[in-house]
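Input: a single structure, listed below in structure tokens.
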Protein chains: 2
Amino acid sequence: MNGPMSYTYKYPRPALTVDCVVFGFNGTGLEVLLIRRGVEPFVGSWALPGGFVHMDEDLETAARRELLEESGLSGVFLEQLCTFGDPGRDPRGRVVTVAFYALVRPDQHPAKGDTDASDAAWFDTAKLPPLAFDHGAILEVALERLRGKIRYQPVGFELLPERFTLAQLQGLYEAILGRPLDKRNFRKKLLAFDFLVPLDDYSGGAHRPARLHCFDRAKYEALASKGFLFEL
Amino acid sequence: MNGPMSYTYKYPRPALTVDCVVFGFNGTGLEVLLIRRGVEPFVGSWALPGGFVHMDEDLETAARRELLEESGLSGVFLEQLCTFGDPGRDPRGRVVTVAFYALVRPDQHPAKGDTDASDAAWFDTAKLPPLAFDHGAILEVALERLRGKIRYQPVGFELLPERFTLAQLQGLYEAILGRPLDKRNFRKKLLAFDFLVPLDDYSGGAHRPARLHCFDRAKYEALASKGFLFEL
DNA sequence: GCAAAAGTGTTTATGTTACACCCATGT
DNA sequence: ACATGGGTGTAACATAAACACTTTTGC
């Protein structure tokens, strides 16, 4: 004859947070958005944006809220990564965190000072500072996941502007996979799936202009649902 | 000048549980281990084994503890799947669950009555009863994951006995992928990676005996670390 | 001796890799 | 006119797919 809440409130509970690994592409390398902590513990250290989950919000909602509050980002690609719950990961006590990773397009990048957190900055994934808590480990897992995912799902487009050149796309793949790709083979393969739409517009560079393309999500979804596989 | 614990204890917290999707292979089809609930809510419904996370234990530790307590299983393959935190998923209040999936070999299957939970039973994944909470959705995600994973990581061996025939292995792949495979091509491909060791022993069937093989994990790890890919 | 599953190679089609030159623009 | 990145096709090679018959055992 217990009330409906009695069972779940009998025991002490871990605190629950969300943390986001936010990836961006600067045209050359893959970057991550970090926040400088203004409070203990780890004051002054760089950390992943994140915070406590509210009692009435979904996990993804919490992640999007923190992303907005701490870095002014909204409407980005966001996916759950993994949950980290080592009892020693937070010196304040037991804190379990659900990690997400986000992909943001250059035009979605927060302007400097767009955030209310003291500092936010992009770091090259190859030159990361020491991070607070176990955020370094979380970031590693996120990188692994991105490298795996980009090979069989067209997530790369979430890191490029709406309209992009094939050279930009190739550069992105090379940056994430960490190896050079053959230009002709890359173009051949990607254009063979026909979810890449050539536009009648060209990038104005210092040299010969490159044709712009955009990603036709609807066409991709259609193919994907017909049991089609992407593969690099 | 707050004590180190004050910040994290300021707010109400969701309860935190773990749930496990336990897969087994009966020689023909893929099965899942379910527990019949003995308490409200959902008394009498089938549910995934799982329970509350203790304050001093890791998430995986909690999952293994629950697996042992509720189904007598230990030493199985176990991997984190995803975390489910919809505010409405548990009628008792806010409960966030970290889902895991486990793969168990036939010889690890709990004997009937091995569990202290009232009932535990294996169900064919094609004929599942309605499940408590959002466990049906969790199970779907686990199935998806297994289908994806088996194609590029040798997890199939976690579902077969130590020594198995190639026909058993092929049957397992067919059951998980849900389509028939060509016998000759399957054998050719798997034997080409040489982490499958042919033994000098044969299965005693009703007909011509089949050669037994075992999986050489060390050889596989060696190949995998040299940047080798499995791919069905 | 027959029913049932085990075992075995070759050919064809498809996809992947390697590779070099001309083109269009800005300075 | 030259420097810079954009754009294009083909041949060799490797991998995947399709396919049928003989062998061994229990009954």
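Lettering follows sequence order; numbering is per chain, from 1.
For the contact set between residues 179-192 of chain B and DNA chain D, defined by any heavy atom under 4.0 Å, the members are B:D182, B:R184, B:N185, B:K188, B:K189.
Atom pair A:R211:CZ and C:dC23:P shows a separation of 18 Å (rounding to whole Å applied). Residue A:Y202 contributes atom OH, which lies 16 Å from atom P of C:dC23 at whole-angstrom precision. Note: CZ (B:F193) to P (D:dT15) measures 10 Å, nearest angstrom.
Checked for salt-bridge contact, B:R65 and B:E70 miss the test: no charged N lies under 4.0 Å from a carboxylate O. No salt bridge links A:R211 with A:D201; every basic N to acidic carboxylate O contact stays at or beyond 4.0 Å.
Relative orientation of the A:W46 and A:F123 rings is perpendicular, given thresholds of 30° and 60° on the angle between their planes. Note: B:Y220 and B:F215 have tilted aromatic rings, judged against thresholds of 30 and 60 degrees for the angle between ring planes.
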Give each protein N/O atom lying under 3.5 Å from an N/O atom of nucleotides 23-26 of chain D, with the pair distance.
unit_1	atom_1	unit_2	atom_2	d
D:dT23	O2	B:R208	NH1	2.7
D:dG26	O4'	B:A206	O	2.7

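The list of salt bridge (Lys or Arg N to Asp or Glu O under 4.0 Å) pairs with a residue in residues 124-138 of chain B, not counting sequence neighbours, reads B:R89-B:D134. Among residue pairs with one or both ends in residues 136-149 of chain A, those qualifying as salt bridge (Lys or Arg N to Asp or Glu O under 4.0 Å) are A:E79-A:K149; sequence neighbours excluded.
Judged as a side chain to side chain contact (heavy atoms under 4.5 Å, CB included), and not counting sequence neighbours, the contacts of A:L177 are A:I150, A:R151, A:Y173, A:R179, A:L232. Every ring-ring contact (aromatic ring centres under 6.0 Å, His included) that A:F164 has, sequence neighbours left out, goes to A:F157.
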